[in-house]
Amino acid sequence: MISSASSRSNPSSFLASLLKPSARTQPAPQTRTQPSEGASAAALRNKMFYTDSFESSPSARTQSLPPTPTTRPEGAGSDPLGADALVPASSHDASKDYPALSYADDKQYNGQPLGFWKKNVWDSAIKSGAAPEEAALLVAQVMQEGGTDFNKSGDATNYGPFNLNKDLLQTYGKHLPDDLQKLNGSSPEAIDLNVRNALDAMRAVGANNYLHHVRGGRTNFEHPGQRISDNPNVKGDDAFAFERSLTNNARLFLEAFQSNPSSLTDNQRFASDIPNI
């Protein structure tokens, strides 16, 4: 079993420093027709999509982003929300979220350092047409999960750096390989497959429902308010707390990247102290 900042294992044993909550700067008034995108996100979008070091071809981002479902997907427990709404709206609240952690991580996951996964997942997502918030949410998953958890079986079997389970992949993935084990590699092809299938699921059900499924499988996907753990450290609204924590970390990553683009390749980790379920 891999010791990591996984939603399935407590990362506090190698915590370097605890990220303290800080007041957020209020966003500038919106001037665009897309109310979910703040000025900072728009500035980041312009910086990223016209910088050769982060995207090989600006034309890769000209395709339209598939819309978030306007109706609740069959079986989903919550109305769908897109990453572009969830990530900018995230905020640290110790009473609602799991404690946020920030530390330099020198471990390797699936044979590669954290900086490798951050950059390659980000680049693959942008190449696939992801919005910054979608790409950041996938990076947040990598920072939280660490390496693949091989301790599950059946429909709960985990694959790839996001630890997506077999049920989610086979239900919502549109780019599945002939053998799901191919998702466990670190080659560009394997990373692209993981990213595309994660985006497939996120866009099919909404980023919030996607995170509920990631945390608690189909049970939490259909009933996110249901408690599925006897661990007293697990919050009563765990699926929602997991969602809030991951989107917080995605926002922190985006802010760090906007301030210093080289942070994309460093081993600084924004994760949360999330207990086992």
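No hydrogens, no waters, no symmetry mates; every other heavy atom, side chains included, goes into these values.
Put simply, NE2 on H175 and OG on S128 are 7.5 Å apart, with the number rounded to the nearest 0.5 Å. Atom-to-atom distance recorded for L193:CG and K182:NZ is 9.0 Å, nearest 0.5 angstrom. Atom-to-atom distance recorded for R218:CZ and H212:NE2 is 15.0 Å, nearest 0.5 angstrom. With values rounded to the nearest 0.5 angstrom, L164 atom CG is found 12.5 Å from T157 atom OG1. For the atom pair OG of S272 and CE of M143, the computed distance is 9.5 Å after rounding to the nearest 0.5 Å. Here the straight-line distance linking atom CZ of R227 with atom CG of D237 works out to 10.0 Å at 0.5 Å rounding.
In this structure, L81 is not a member of the same hydrophobic cluster as L199, with clusters built from ILVMFWY side-chain heavy atoms closer than 4.5 Å. At a threshold of 4.5 Å between side-chain heavy atoms, the hydrophobic network of Ile, Leu, Val, Met, Phe, Trp and Tyr places F257 and L86 in two separate groups.
Side-chain contact check for N208 versus D79: every heavy-atom pair is 4.5 Å or farther apart. Side-chain contact between V214 and F242: present, with at least one pair of heavy atoms (C-beta onward) separated by less than 4.5 Å. In this structure, V139 and L264 have side chains that are not in contact, with every pair of non-hydrogen atoms separated by 4.5 Å or more. Taking 4.5 Å as the limit, every side-chain heavy atom of Q141 sits out of range of all side-chain heavy atoms of V121. The side-chain heavy atoms of I191 and W117, taken from C-beta on, include a pair separated by under 4.5 Å. Side-chain contact between N158 and E145 is absent, with no heavy-atom pair separated by less than 4.5 Å. Taking 4.5 Å as the limit, some side-chain heavy atom of V205 sits within range of a side-chain heavy atom of F221. Counting heavy atoms from C-beta outward, N220 and I277 have side chains that stay 4.5 Å or more apart.
The number of heavy atoms from other shown groups lying within 6.0 Å of CG (D179) is above 12.
Scanning both residues, V234 and S229, for their nearest heavy atoms gives CG2-OG, 3.6 Å. Of all heavy-atom pairs between S78 and R72, the closest is C-NE, 3.5 Å. A pairwise comparison of heavy atoms in G82 and A207 identifies C-CB, 3.9 Å as the closest pair.
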In sequence, state the C-alpha distance, the side-chain angles, and the governing distance for N248 and F270, and then conclude on side chain to side chain contact (heavy atoms under 4.5 Å, CB included).
CA-CA 9 Å; N248 279 345; F270 296 108; over 6 Å; no

Go through it in stages, so that I can follow the logic: the residues are V142 and L114, the test is side chain to side chain contact (heavy atoms under 4.5 Å, CB included), and I'd like the CA-CA distance, side-chain angles, deciding distance and then a yes or no.
CA-CA 8 Å; V142 166; L114 183 61; 4.2 Å; yes

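Between the side chain of R215 and the main chain of A239, no donor-acceptor pair closer than 3.5 Å is present. Of the possible polar contacts, one joining the R244 side chain to the K96 backbone as a donor-acceptor pair under 3.5 Å is found. Put simply, the side chain of T247 gets close to the backbone of E243: a donor and an acceptor are under 3.5 Å apart. Checking side-chain atoms of N267 against main-chain N and O of G115 turns up a donor-acceptor pair under 3.5 Å. Looking only at distances, no side-chain donor or acceptor of S259 sits under 3.5 Å from a matching main-chain atom of A256. Side-chain atoms of N110 never come within 3.5 Å of backbone atoms of G160 as a donor-acceptor pair (strictly under, hydrogens ignored).
Pairs engaging residues 188-198 under the side-chain hydrogen bond (donor to acceptor under 3.5 Å, both in side chains) rule: S124-D192, K127-D192, S187-E189 [sequence neighbours left out]. Within the structure, every pair that satisfies the salt bridge (charged side-chain N to carboxylate O under 4.0 Å, His left out) test and touches residues 258-268, not counting sequence neighbours, is listed here: K118-D266.
No hydrogens or angles considered: a donor-acceptor pair under 3.5 Å links the side chains of Y98 and D238.
Using a 30° and 60° split on the angle between ring planes, H213 and Y172 fall in the perpendicular class, above 60°.
Under a 4.5 Å side-chain heavy-atom cut-off, the cluster of Ile, Leu, Val, Met, Phe, Trp and Tyr residues that includes F240 has no other member.
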